[in-house]
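The shown structure was predicted, so the numbers you read here are calculated from the model rather than taken from an experiment.
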Amino acid sequence: MTSNRNRAIAAAMGAAAALGLTVDDAIVLQESNKLAVRLLPCDVLARVAEERIKRWAEFEVELALRLAETGSPVAALEPRVAPGVYVRDGFVVTLWTYYEPVPSREFAPADYAHALERLHDCMRQIDFPTPHFTDRITDAQRLVGNRDQTPELVDADRELLSNTLRSLRQAISARGRPEQLLHGEPHPGNVLRTKKGLLFIDLETFCRGPVEFDLAHVPEEVSVLYRSTDQQLLRECRVLMLAMVAAWRWDRNDQFPNGRQAAREFVSELRAALSGAPFSTHLPRWTDT
């Protein structure tokens with residue numbers, strides 16, 4: 001998104017203004033493959049992405065509306081405008097409530113685990129069309145298998161990622177654990193600390209699978225507090241997550257800050273995990289798609 005940053009900001013401001021909101025300034029809060037912008041003085045959070053993901057943005061908006069009806073701990077859409085996905089100058093813009101962050105250095109593990117349990121409970125209450133978690137594995141396998149798309153990925157690491165993705169896909173599916181609607185990436189970077197408690201954001205990664213797939217994205221001190229889990233499956237999902245995110249960071253079109261450095265760190269962490277070492281990667285820095 002970096003190369004189109006100014007256009008993306010202008011698209012967010014223009015879309016909000018066209019809906020009757022007062023917009024004089026914009027503050028970039030996060031920039032990777034998507035842009036998060038605080039619009040002022042209307043105080044709205046705009047999320048901006050390339051128009052090619054319009055379908056996923058539409059799903060995210062609809063899912064947010066459905067989850068709001070269940071009292072889910074998720075960020076709310078901006079109530080002053082009609083919920084929707086607004087297309088402007090090649091970008092899709094969605095408008096959300098801006099939450100003033102509550103100062104704190106870290107999340108209390110018990111609060112984090114409880115919020116994720118609440119989210120999963122609420123997700124079980126709705127029937128929503130979703131991709132399967134294995135679809136995300138397929139996307140990662142496609143990247144690893146395409147040298148033109150991942151030209152900097154060396155052969156040894158390409159083989160490691162390919163073998164890991166294939167074997168863990170088979171192993172996890174064979175366990176036959178119950179599946180449900182999931183967030184997809186509930187890592188600390190997708191959690192807000194607000195006066196209303198912890199709220200999850202970035203719902204476009206939703207999928208269907210075992211809850212251990214979601215738990216693989218949270219710190220270990222959080223996952224151990226989550227009610228009944230299959231610990232062996234959780235470890236397999238953690239290793240799978242490392243392989244998938246490493247693949248995404250090697251994508252030639254990836255715009256995540258310092259993405260190649262992240263890719264190398266993930267591959268190194270993956271090798272260590274496969275040898276039985278404990279996990280040490282700091283998930284919040286690197287797991288965004």
- So do V74 and L199 actually touch side chain to side chain, heavy atoms under 4.5 Å? no
- Inspect the surroundings of CG in D127 and state if more than 12 heavy atoms from other residues, nucleotides or ligands are less than 6.0 Å away. no
- Examine distances only and state if a side-chain atom of E50 and a backbone atom of R52 form a donor-acceptor pair shorter than 3.5 Å. no
- Item | R193 bridged to D111 by N-O distance under 4.0 Å | no
- Item | Short N-O contact, E212 and R175, less than 4.0 angstrom | no
- Can you sort out the partners of T97 under side-chain hydrogen bond (donor to acceptor under 3.5 Å, both in side chains), two or more places apart, ordered by chain and number? none
- Query: Charged N to carboxylate O below 4.0 Å: is that the case for R142 and D251?
  - Reply: no
- Message: As an exercise, state the distance from CD of Q141 to OG1 of T138, rounded to the nearest 0.5 Å.
- Response: 5.5 Å
- Query: With the threshold set at 4.0 Å, does a side-chain nitrogen-carboxylate oxygen contact exist between D148 and R252?
  - Reply: no
- Message: Could you work out, with ring-ring contact (aromatic ring centres under 6.0 Å, His included) as the rule, every residue matching Y226, not counting sequence neighbours?
- Response: H120
- Distance under 6.0 Å and angle within 45° of the ring axis: does R249 meet both against F256? yes
- Message: Within the supplied structure, the quantity of interest is the number of heavy atoms (other residues, nucleotides, ligands) at a distance under 6.0 Å from E220 CD; does it exceed 12?
- Response: no
- Message: Do I137 and I172 make a side-chain contact, defined as non-hydrogen atoms from C-beta onward lying under 4.5 Å apart?
- Response: no
- Query: Listed by chain and number, what are the ring-ring contact (aromatic ring centres under 6.0 Å, His included) partners of F128, not counting sequence neighbours?
  - Reply: F206
- Does L116 reach the side chain of L215, with side-chain heavy atoms less than 4.5 Å apart? yes
- Query: Nearest 0.5 Å, what's the CG-CZ distance between L19 and R80?
  - Reply: 11.5 Å
